[in-house]
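Here's the structure we're looking at; comments come further down.
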Amino acid sequence: MSNSETTTPVRREGLDFIREIVLRDTDAGRYAGRVATRFPPEPNGYLHIGHAKSIALNFGIAEDFGGVCHLRFDDTNPETEDMEYVESIMRDVRWLGYDWGDNLFFASDYYDQIYEFAEQLIMEGKAYVDSLDEEGIRQYRGTVTTPGRPGPYRDRTVEENLDLFRRMRAGEFPDGAHVLRAKGDLAAPNMKMRDPLLYRIRHMDHYRTGDKWCIYPMYDFAHPVSDAIEHITHSVCTLEFENNRAIYDWTLDNLYEEPRPHQYEFARLNLDYTIMSKRKLLQLVEEEYVAGWDDPRMPTIAGLRRRGYTPEAIRLFCQRIGVDKTNSRVQIEVLENAIRDDLNARAPRVMAVLRPLKVTLTNFPADKVEWLDASYWPRDIDKTGSRQVPLTREIYIERSDFDVNPPADFTRLSPGGEVRLRNAYFIRCDEVVTDPTSGDVLELRCTYDPHSMGKPSTAGRRRSTAIQWVSAAHALPAEVRLYSRLFTVANPDEVEEGKTFKDYLNPQSVEVVSDALVEPSLAAANAGERFQFLRHGYFIVDEDTQPGRLVFNRIVELPDSYSGKRGGDDPAPKAEPARQAAAPEPVESIGSLSEGRERARQADAELAARYTRYQEDLGLAAEQADILTGSRDLADFFETALGVGGSARTVANLITNDVQRELKDKSVAELPFTATYLGELAQIIDAGTINSNAAKTVYAEMAAGGGSPKAIVTKLGLDQSVDASELEAIIAGVLAGMPDKVGEYRGGKTSLLGMFTGQVMRATGNKADPKQVQQILKRQLEA
RNA sequence: UGGGGGAUAGUUUAAUCGGCAGAACACCUGACUCUGGAUCAGGCAGUUGGGGUUCGAAUCCCUGUCCCCCAGCCA
């Protein structure tokens, strides 16, 4: 697959936004072209499919850009972390096919360094020891709507802070007595910046550092520092850390210099019919709703592995779901389809009968065994290899492949009907033996057609499915575990009042078939081998397999368009009436006025007067007048620009549409151009010196600090007109270069006109008049 | 209610100075088939609502709506 690809980044559309950032940075020579990412799990649980997305992203970026990806354990909380988890995580990452080389790190290895940084911040007056208890800290922190306020310990001297902090480390205080906090802003709208905690006291052995420490750094402090220590360039994490980026930047701005690591966030994976919370998964394990972290129903990597998923399929899945910042839920089918796509070409086909129905071939000699050659692969898979399967007088077929009273489109066996035995003969059902009391079908008595081997089903013989079967005398008994979704609802995190996610567990998530029969070639199958049981799905030999006792897990079913068509287990036709309810909704936009600007006018009679005047005297729309009179600065700017001589409409358009963009992060006073320049621009637009397209170019230059619009026009030669005959020629040339597109246009795809216009405009250096261009374009195209 | 982030077919996503709304999965049709699988061909279907700027808006401006995150001494 990707092995043959080069490690050179490919410039192409569809790069996810993080790779785009990395590409931009490498192009700009930031970090001297170096790329270093990291996957930073906390060893407090097993990895799941959501982590696979992150792993694939981080290691994938490193691969694509010829960089490295570190595996770093973010182990700063001694309460929950354990070596068992470290080992499972390493096993899973490796199994997924990623290699961290020598770059295995632990945040706990940096404790000394992190501590030194903490002292540095204290000495610089940027951190302090707070002795408030938890409740006190909460009180002083305020809420999302009310600002926090400084607590009584915030102004301790550097000496006092340092002394206290050192004594914290020395173990002089009990848990919770003090914490180290960054001196942020207690009134910050971002709650995370209200003096975030950097260190807490925890008298507890750590699984790696033992009893060396009794104070432990918080994530918000340890993480950026760890990144910086490892010279990470791009620190990628999930969306819920967006607010934490402020602390990340605060920390590194105080401790390091650019180029230092920067954090970027993407949306974590949500998969339908499963959960991704480590806490909840742990609950399922501890409360024994599942058999363990590697229960085949679990979305953990270990569970998927045991289920029979391949690393390739999981990587394919990660590739298909993409990376973005949109909160989304991925359909489970995407995962299932990935494993089917992978296994279709990899899993040999064999025959297994899950719910056996005995069939006696009455014209087949009782003591005869006919060994038939059966290919492991269907003809569309480019592989060879076969095994021998024995046919005898007594065989078993799938109960569901026989129907006493079949529907018209049934292509399997029914009384008096025929069916093909896969890799063998056609048989006809002559007699159905039923239980006289229950009416259950006990056995079928059939005759086989000895001349039908290898013959197509044409010649009057209606098309039948080729059904799987096993010889009664040779079949191997097997236990087959049929897994399906763990939860009954798509989103188990969304619970009804009074319920928990556990109330939505699917009681039928596993069905154990203990008396299945498989063909004898499977006798030597080893744990971990995968097969397709013809017409059933993909299966893996489970590690519970014992000599003489095969155990299979169903990885995924084969799609079945037949049962789908007949409305199998998921009927629910799309409700149509909803359409009506969700209909019109007469939202009349009155262009409601922004509160801020409204307030400004209420507080300033002059602004209010201008608001009226702009509409009545200048003829501006209420919406424009509103924007222009949001502040004195802007209104004055408008009037100064207007004084140059352009029309009110043009000046207003320029300000309300273009200047607004600059005003998002600048004040009027900080604008890189003067009102007079803007007025000049309006003037030359009104005068027809430049077209609207060119006007955008000129404005962009001005916004970049380019100076006078007239000078820009001259510099770029935008005032030179293109004469008609010249334009005709240019247009003819453009059209001649795109005969296909011209054909499409003439075939009715008139939406291409915009594309042609753009091409011509570019060819003329934006000097042509687009209206004229389109006029000529249409004439030439319709000629 | 403060701050941060997000919204393109049913789903996940693409569209690099404003210029062809493209793909995958799902679904539907047909072809083919010793798997009601696979494959192939075709089809359905979309820019969060309203207004503005422009020859031209998913993209720029204004204004609504909806969703997610933040008040752990977890990460």
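Chain A is the first sequence line, chain B the second, and so forth, proteins listed ahead of strands; every chain is numbered from 1.
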Subject >> C1' gap between B:U59 and B:U53, integer Å >> reply: 13 Å

Original post:
Thinking salt bridges, do A:Glu398 and A:Arg535 make one under a 4.0 Å N-O criterion?
Top reply: no

Subject >> Contact under 4.0 Å: A:Ser751 side-chain N or O vs B:A21 OP1/OP2 >> reply: yes

Subject >> A:Arg422 side chain, from C-beta outward: closest of B:G36, B:C70, B:C34 >> reply: B:C34

Original post:
Given B:C74, is OP1 or OP2 found less than 4.0 Å from the side-chain N or O atoms of A:Arg202?
Top reply: yes

**OP:** Taking atom P in both B:U39 and B:A24, compute the distance separating them and give it to the nearest angstrom.
**Re:** 12 Å

**OP:** Quickly work out the A:Leu752 CG to B:G56 C1' distance and round it to whole Å.
**Re:** 13 Å

Original post:
When you check the side-chain N and O atoms of A:Thr326 and A:Ser328, is any donor under 3.5 Å from an acceptor?
Top reply: no

Subject >> A:Gly322 vs A:Glu134, nearer the 5' end of RNA chain B by closest nucleotide >> reply: A:Gly322

Original post:
Got a donor-acceptor pair under 3.5 Å from the side chain of A:Glu240 to the base of B:C69?
Top reply: no

Subject >> Atom-pair distance (CG on A:Asp324; P on B:C68), nearest Å >> reply: 17 Å

**OP:** Just call it for A:Lys664: base, sugar-phosphate, or nothing, with non-hydrogen atoms closer than 4.0 Å on any strand.
**Re:** sugar-phosphate

**OP:** Determine: side-chain N/O of A:Gln772 to OP1/OP2 of B:C55, distance under 4.0 Å, yes or no.
**Re:** no

**OP:** With P as the reference atom in both, quote the distance from B:U16 to B:G36 in angstrom, rounded to an integer.
**Re:** 45 Å

Original post:
Roughly, in whole Å, what's the span from CG in A:Asn243 to P in B:C68?
Top reply: 15 Å

Subject >> Side chain of A:Asn693 - closest among B:A38, B:C20, B:G56 >> reply: B:G56

Original post:
With rounding to whole Å, what would you report as the distance between B:G10 and B:C28 at their C1' atoms?
Top reply: 13 Å

Subject >> Side-chain donor/acceptor of A:Arg320 to base of B:U12, under 3.5 Å >> reply: no

Original post:
Is A:Ser328 near enough to B:U11 that one of its side-chain N or O atoms lies under 4.0 angstrom from OP1 or OP2?
Top reply: no

Original post:
Considering only B:C62, B:A75, B:C20, which nucleotide approaches the side chain of A:Ile627 most closely?
Top reply: B:C62

Original post:
Do any side-chain nitrogens or oxygens of A:Lys325 fall under 4.0 Å of OP1 or OP2 in B:A7?
Top reply: no

Original post:
Taking CG from A:Leu628 and C1' from B:U53, how many angstroms apart are they, rounded to a whole number?
Top reply: 14 Å

Subject >> Whole-Å distance separating the CZ atom of A:Phe241 from the C1' atom of B:C74 >> reply: 9 Å

Original post:
Hey, does the side chain of A:Arg268 come within less than 4.0 Å of B:C69's phosphate (OP1/OP2), counting only N and O?
Top reply: no

**OP:** Would you mind classifying the nucleic acid contact of A:Pro378 as base, sugar-phosphate or nothing, using non-hydrogen atoms under 4.0 angstrom?
**Re:** base

Original post:
Out of B:U13, B:G36, B:C25, which nucleotide sits closest to the side chain of A:Val334?
Top reply: B:C25

**OP:** Assess whether one donor atom and one acceptor atom, taken from the side chain of A:Arg340 and the base of B:G37, lie less than 3.5 Å apart.
**Re:** no

**OP:** Could you let me know what B:C25 is paired to, Watson-Crick or G-U wobble, both distances under 3.5 Å, or none if it's on its own?
**Re:** B:G10

Original post:
Would you say the base of B:U35 and the side-chain of A:Gln532 have a donor-acceptor pair closer than 3.5 Å?
Top reply: yes

Original post:
With distance as the sole criterion, is a donor-acceptor pair present between the side chains of A:Thr411 and A:Thr465 under 3.5 Å?
Top reply: yes

Original post:
On a whole-Å scale, what distance lies between the P atoms belonging to B:C67 and B:U1?
Top reply: 12 Å

Subject >> Nearest-Å distance once atom C1' is located in both B:A58 and B:A9 >> reply: 14 Å

**OP:** Return the orientation label for the A:Phe73 and A:Phe106 ring planes: parallel under 30°, perpendicular over 60°, tilted otherwise.
**Re:** parallel

**OP:** Test A:Asp130 against every option in A:Arg200, A:Arg141, A:Arg194, A:Arg181 by the salt bridge (charged side-chain N to carboxylate O under 4.0 Å, His left out) rule and name the one that passes.
**Re:** A:Arg181

Original post:
Separation of A:Leu15 atom CG from B:G22 atom C1', in whole Å?
Top reply: 17 Å

Original post:
Can a side chain N or O of A:Arg649 be found less than 4.0 Å away from OP1 or OP2 on B:U53?
Top reply: yes

Original post:
Quick one: which of B:A75, B:C34, B:G3 gets closest to the side chain of A:Pro189?
Top reply: B:G3

**OP:** Tell me which of A:Met453 and A:Phe17 sits closer to the 5' end of RNA chain B, going by the nucleotide each one is nearest to.
**Re:** A:Phe17

Subject >> Atom CG of A:Asp382: over 12 foreign heavy atoms under 6.0 Å >> reply: no

Original post:
To the side chain of A:Lys696, which of B:A57, B:C62, B:C55 is closest?
Top reply: B:A57

Original post:
Below 4.0 angstrom from OP1 or OP2 of B:C73, is there any side-chain N or O of A:Arg141?
Top reply: yes

Subject >> Whole-angstrom distance between B:C68 and B:G52, as gauged at atom P >> reply: 32 Å

Original post:
Checking salt bridge (Lys or Arg N to Asp or Glu O under 4.0 Å) for the pair A:Lys192/A:Asp220: CA distance, chi angles, key distance, verdict?
Top reply: CA-CA 9 Å; A:Lys192 295 284 184 192; A:Asp220 280 320; 5.2 Å; no

Original post:
When syn is taken as a glycosidic angle within 90 degrees of 0, is B:C17 syn or anti?
Top reply: syn

Subject >> A:Asp560, nearest nucleotide to its side chain (from B:G36, B:G19, B:A71) >> reply: B:G36

**OP:** Write down the distance between CD (A:Glu135) and C1' (B:C73), rounded to a whole number of angstrom.
**Re:** 13 Å

**OP:** Please tell me which of the listed nucleotides, B:A15, B:C55, B:G36, lies nearest to the side chain of A:Arg535?
**Re:** B:G36

Subject >> B:A57 versus B:C62 - spacing of their C1' atoms, nearest Å >> reply: 15 Å

**OP:** Measure the distance from CD on A:Glu242 to C1' on B:C68 and round it to the nearest whole Å.
**Re:** 9 Å

**OP:** Please report the C-alpha distance between A:Arg138 and A:Glu135 in whole Å, then the side-chain angles of each, then the deciding distance to 0.1 Å, and finally whether the salt bridge (Lys or Arg N to Asp or Glu O under 4.0 Å) criterion is met.
**Re:** CA-CA 5 Å; A:Arg138 208 176 6 254; A:Glu135 176 57 22; 2.8 Å; yes

Original post:
Which nucleotide in the set B:U53, B:C73, B:G4 lies at the smallest distance from any side-chain heavy atom of A:Asn653?
Top reply: B:U53

**OP:** Begin from the C-alpha positions of A:Asp449 and A:Arg420 and carry the test salt bridge (Lys or Arg N to Asp or Glu O under 4.0 Å) through to its verdict.
**Re:** CA-CA 10 Å; A:Asp449 174 359; A:Arg420 160 80 73 182; over 6 Å; no

Original post:
Between B:C62, B:A38, B:C55, which one does the side chain of A:Asp380 approach most closely?
Top reply: B:A38

Original post:
Can you say whether the rings of A:Phe539 and A:Phe533 are parallel (under 30°), tilted (30 to 60°) or perpendicular (over 60°)?
Top reply: parallel

Original post:
Just to confirm, is there a sub-4.0 Å distance from OP1 or OP2 of B:U63 to any side-chain nitrogen or oxygen of A:Arg597?
Top reply: yes

Original post:
Under 4.0 Å between a side-chain N or O of A:Arg329 and OP1 or OP2 of B:U13?
Top reply: no

Original post:
Does A:Thr80 put a side-chain nitrogen or oxygen below 4.0 Å from OP1 or OP2 of B:C74?
Top reply: no

**OP:** Give a yes/no on whether any side-chain N or O of A:Asn337 is located under 4.0 angstrom from OP1 or OP2 of B:A26.
**Re:** yes

